[in-house]
Number of protein chains: 2
Amino acid sequence: MATLKELARLSKASIRTVARVVHRKGYVGAKTRERIEGAIAELGYEPDLAARSLRTRRSFEIAVVVPTADEIHMDKLAAAERQLRGAGYRLRVFFEGQGTPPEWKALFKHLHASKPAGVLFLPALPPAGLEGASGLGKAGIPYVLMDLVTGNHPGVRIDRPQGVYEAVRHLIASGRKRIAFVGPGEAQSRSRLAGYRRALEEAGLPAIHLECAPEAAEEVRRLGRELADRPEKIDAVQAYTDQVAMGLLAGLHDAGRTVPREIAVVGFDDRRMAMLAWPPLTTVAQPNREVGEAAAAMLLEWIDRGGGPPPVESRTVPTRLVIRESG
Amino acid sequence: MATLKELARLSKASIRTVARVVHRKGYVGAKTRERIEGAIAELGYEPDLAARSLRTRRSFEIAVVVPTADEIHMDKLAAAERQLRGAGYRLRVFFEGQGTPPEWKALFKHLHASKPAGVLFLPALPPAGLEGASGLGKAGIPYVLMDLVTGNHPGVRIDRPQGVYEAVRHLIASGRKRIAFVGPGEAQSRSRLAGYRRALEEAGLPAIHLECAPEAAEEVRRLGRELADRPEKIDAVQAYTDQVAMGLLAGLHDAGRTVPREIAVVGFDDRRMAMLAWPPLTTVAQPNREVGEAAAAMLLEWIDRGGGPPPVESRTVPTRLVIRESG
DNA sequence: CTGAAAGCGCTTACAG
DNA sequence: CTGAAAGCGCTTACAG
């Protein structure tokens, strides 16, 4: 690969001057500049990032910690990468806790030692990861959480209450009166429950929280089978995720119920499968692209400030109700 | 961060000797070694990769090109990363062609210039990417395709014919006689069709290829609606992907058909949603972990050989029939 | 077996 | 405005 030295020789200028052109700063005589730019194009020069980081002691690497590699999170990451790449950074990914138990200690030790320009944490980061993230911040390594749920971290807040609020309002507007929320317990469902309860309260309708483990497909399906026979006379469900919604649909179909005529079902996430469900799922879409772009922007801003204290504000991005056929 | 120099000072040895301990090669006196190892632990030394690659002119980066970031491909990548990380390499990801049109030229220019230790290509790589990959190989940069479909490339071949063969055999064994294949045209479906046709021929049953664009959800659903009324009297379907299978299921349900009683449906991929379909989808599972591990192994092997010509052999990994309720 | 030294490509304070 | 030079941390051929 071409080096500054070769560039200098070819264009009969000093390394110093070539560097000026490469960095687009400092005055360089018009003719000299022209020669140098010609040489850059001719040799296809790209600066050696290893040398640059060795010299400047800064890195152009953004480390990305990926606790779960599902499509909605990868869409967020793809959007972030676009921005970050444009700003001259590269993404280095660490899958952690998939297939093998996570080794947070080793990972954070490595991150502290390799000093990336910044770190991006994808959802769903467990407590051990959250703690490690704080440690990075204290050590002056900027970081951003792609899904800020709780605690005092720089991150992007996905406005779940608002999306769920809209979804439940939509159910109410279409005449539903006994709307259940199906998902995990209070702690994990907090933000969705907030929107759910607000909509119901405004309409003077009762809240019905049916708990289930969202990953337990069989359990969710069974719940769906029994849903229509429950004493609460449920006529609609806001599910915790699309996956829960799909499990409920399966159970409802098992029991011979018609969706949405007897029971409406609304999901959350808008995965690609949502439109393939039967009936196609009405759901609250996560704004993956906006999340990625907002996270990238926050991280770049903190990096450009040269480390220091974390940004005070987190950004909140809205969710969006997507109406299909299930509710 | 600690440097070799500090380590040398702390352990009263020369840099050369410290380097020996770090690299675990060459003889070092027992006492010296002990002092040095103590110092390494105490300072939490991790070598500076920028300096190392600047000096050795080799990189410890594996570039990963990601044309589509869906969960099954990310599972493959996660498995590969585990192996590669263990061997001292880091993954640098490039999402290409998601959200913005792909810029293959710029990407490959960058890859040639930055000389990663190797490059991993995830499915589904379009022709422009394939061509660029060959170019890397010719320039001495090892690469592996995670899903080798066609052409002469080092890569992992997913044994689709065998999985589809098993699936169709399973359908035949359960009494199906008019088994259709639903998916895109000959070229794209070739490997699946091979397994499909072999099973049918062996049983003396007719092949029925119904074409559809796998991404066109509405079209697939319509096809599903009309499936049972077709002159071919179809009683089972092998779908191109789980997504096609789900679309067909939706259409079949629209038309009031019972699955699998009237028509059995088998998918391909075993996405996480497959078990959430109604009825839960019988499908052919891609061996994501094995694919990732095989790809990593091939890449490491080529890297260790120090570039040169590509490995002659591609590896083939088997697929696996997962029987649920839809067929 | 171990030490002193050169040099990878870059950036940048210092001269001229 | 532009040139010569030092040094980032590492590896490694060369001495001793």
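Chain letters run A, B, ... following the sequence lines, proteins first and then strands; every chain starts at 1.
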- Message: Closest-nucleotide mapping onto DNA chain C: is B/Thr32 or B/Leu54 further toward the 5' terminus? I mean the 5' end.
- Response: B/Thr32
- Query: In whole angstrom, what separates A/Lys115's NZ from D/dG9's P?
  - Reply: 13 Å
- Heavy-atom side-chain contact between A/Val22 and A/Tyr45 under 4.5 Å: yes
- Message: I want to check one thing: is the phosphate of D/dG3, taken as OP1 and OP2, less than 4.0 Å away from some side-chain N or O of A/Ser14?
- Response: yes
- Message: Any side-chain N or O of B/Arg55 below 4.0 angstrom from OP1/OP2 of D/dT12?
- Response: no
- Message: As a check on the pairing definition, encode DNA chain C in dot-bracket form, counting Watson-Crick and G-U wobble pairs whose two distances are under 3.5 Å, and using | for partners outside this strand.
- Response: |||.||||||||.|||
- Does A/Tyr45 have a side-chain nitrogen or oxygen under 4.0 Å from the phosphate oxygens OP1 or OP2 of C/dG9? no
- Task: Supply the atom-to-atom distance A/Leu49 CG to B/Ser53 OG, rounded to the nearest 0.5 angstrom.
- Result: 10.0 Å
- Message: Assuming nearest nucleotide by heavy-atom distance, tell me which of B/Ala51 and B/Ala13 is located more 5' along DNA chain C.
- Response: B/Ala13
- Item | Atom-to-atom span, CZ of B/Arg9 to C1' of C/dG3 - whole angstrom | 17 Å
- Atom-to-atom span, CG of A/Leu7 to P of C/dT11 - whole angstrom: 12 Å
- Query: In whole angstrom, what separates A/Ile40's CD1 from C/dC10's P?
  - Reply: 11 Å
- Message: Nearest whole Å is fine: how far is D/dT11 C1' from B/Phe60 CZ?
- Response: 11 Å
- Between B/Arg92 and B/Ile62, is there a donor-acceptor pair closer than 3.5 Å when you use the side chain of the first and the backbone of the second? no
- Output field: ring centroids A/His110/A/Phe94 closer than 6.0 Å: yes
- Message: Measure CZ/A/Arg57 against P/D/dC10 and give the value in whole Å, please.
- Response: 8 Å
- Message: Just to be sure I understand the geometry, which residues of residues 15-24 of chain A put a non-hydrogen atom under 4.0 Å away from DNA chain D?
- Response: A/Arg16, A/Thr17, A/Arg20
- Task: Write down the distance between CZ (B/Arg52) and P (D/dC8), rounded to a whole number of angstrom.
- Result: 19 Å
- Message: For the OG1 atom of A/Thr150 and the CG atom of A/Leu145, what is their distance to the nearest 0.5 Å?
- Response: 10.5 Å
- Note on the structure: Closest to the side chain of A/Leu4, out of C/dT11, C/dA6, C/dT2, is C/dT11
- Mind checking the CG-CZ spacing from A/Leu107 to A/Phe95? Nearest 0.5 Å is all I need. 12.5 Å
- Item | Between P of D/dG3 and NZ of A/Lys12, the distance in whole Å | 13 Å
- Task: Could you grab the distance from atom CZ of B/Arg305 to atom CG of B/Leu300, nearest 0.5 Å is fine?
- Result: 12.5 Å
- Rounded to the nearest 0.5 Å, what's the gap from CZ on B/Arg9 to CD1 on B/Ile15? Could you check? 10.5 Å
- Message: Can you tell me if A/Glu34 has over 12 outside heavy atoms packed within less than 6.0 Å of its CD?
- Response: no
